[in-house]
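Some notes on the structure that comes next.
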Amino acid sequence: MNKFNLGDIVYFIANGYHIREAAVIRNGSGFCTIKLNDNETPAGTRVRESKLFQTK
């Protein structure tokens, strides 16, 4: 069972202290592919579900 659904807005901690907002674009097998909402890069990043949070 997946913790997050496609299109969900999630938050994660980057570099140990920056809170970044992202959208889930793919999920499965305990991992989520997310796209950052800051428009700096068009690429996605694959992270474990345990590193993502639903609230800031």
Side-chain angles (χ1 to χ4, degrees):
M1 185 171 175
N2 295 327
K3 188 174 178 181
F4 300 102
N5 297 316
L6 298 177
D8 283 354
I9 300 297
V10 295
Y11 300 91
F12 74 104
I13 300 172
N15 298 330
Y17 61 94
H18 285 136
I19 298 174
R20 309 281 301 266
E21 182 179 299
V24 176
I25 57 174
R26 188 175 191 186
N27 61 357
S29 300
F31 287 90
C32 287
T33 304
I34 57 173
K35 185 174 183 321
L36 298 176
N37 290 341
D38 58 9
N39 296 327
E40 289 180 14
T41 178
T45 304
R46 190 171 181 209
V47 295
R48 289 195 180 273
E49 285 183 342
S50 63
K51 301 293 182 183
L52 301 174
F53 303 94
Q54 293 178 344
T55 60
K56 200 170 189 177

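Worth saying up front: this structure is predicted, and the values here are computed from it rather than measured. We're numbering straight along the sequence, starting at 1.
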* Structure fact -> Nearest heavy-atom approach of Phe4 to Glu49 is CE1-O, 3.8 Å
* **Distance in Å, Ile9 CD1 paired with Ile34 CD1, rounded so as to fall on 0.5 Å steps** => 10.5 Å
Side chains of residues 10-24: which donor-acceptor pairs under 3.5 Å do they make with residues two or more places apart or in other chains?
residue	atom	partner	partner atom	Å
Tyr11	OH	Glu21	OE1	3.4
Arg20	NH2	Asp38	OD2	2.4
Glu21	OE2	Asn37	ND2	3.1

* At their closest point, which heavy atom of Lys3 faces which heavy atom of Gln54, and how far apart are they? -> O-NE2, 4.1 Å
* Structure fact -> What one should report as the nearest heavy-atom pair of Asn5 and Asp8 is N-OD2, 2.8 Å
* Find the distance between NZ (Lys35) and OG1 (Thr45) and round it off to the nearest 0.5 Å. => 10.0 Å
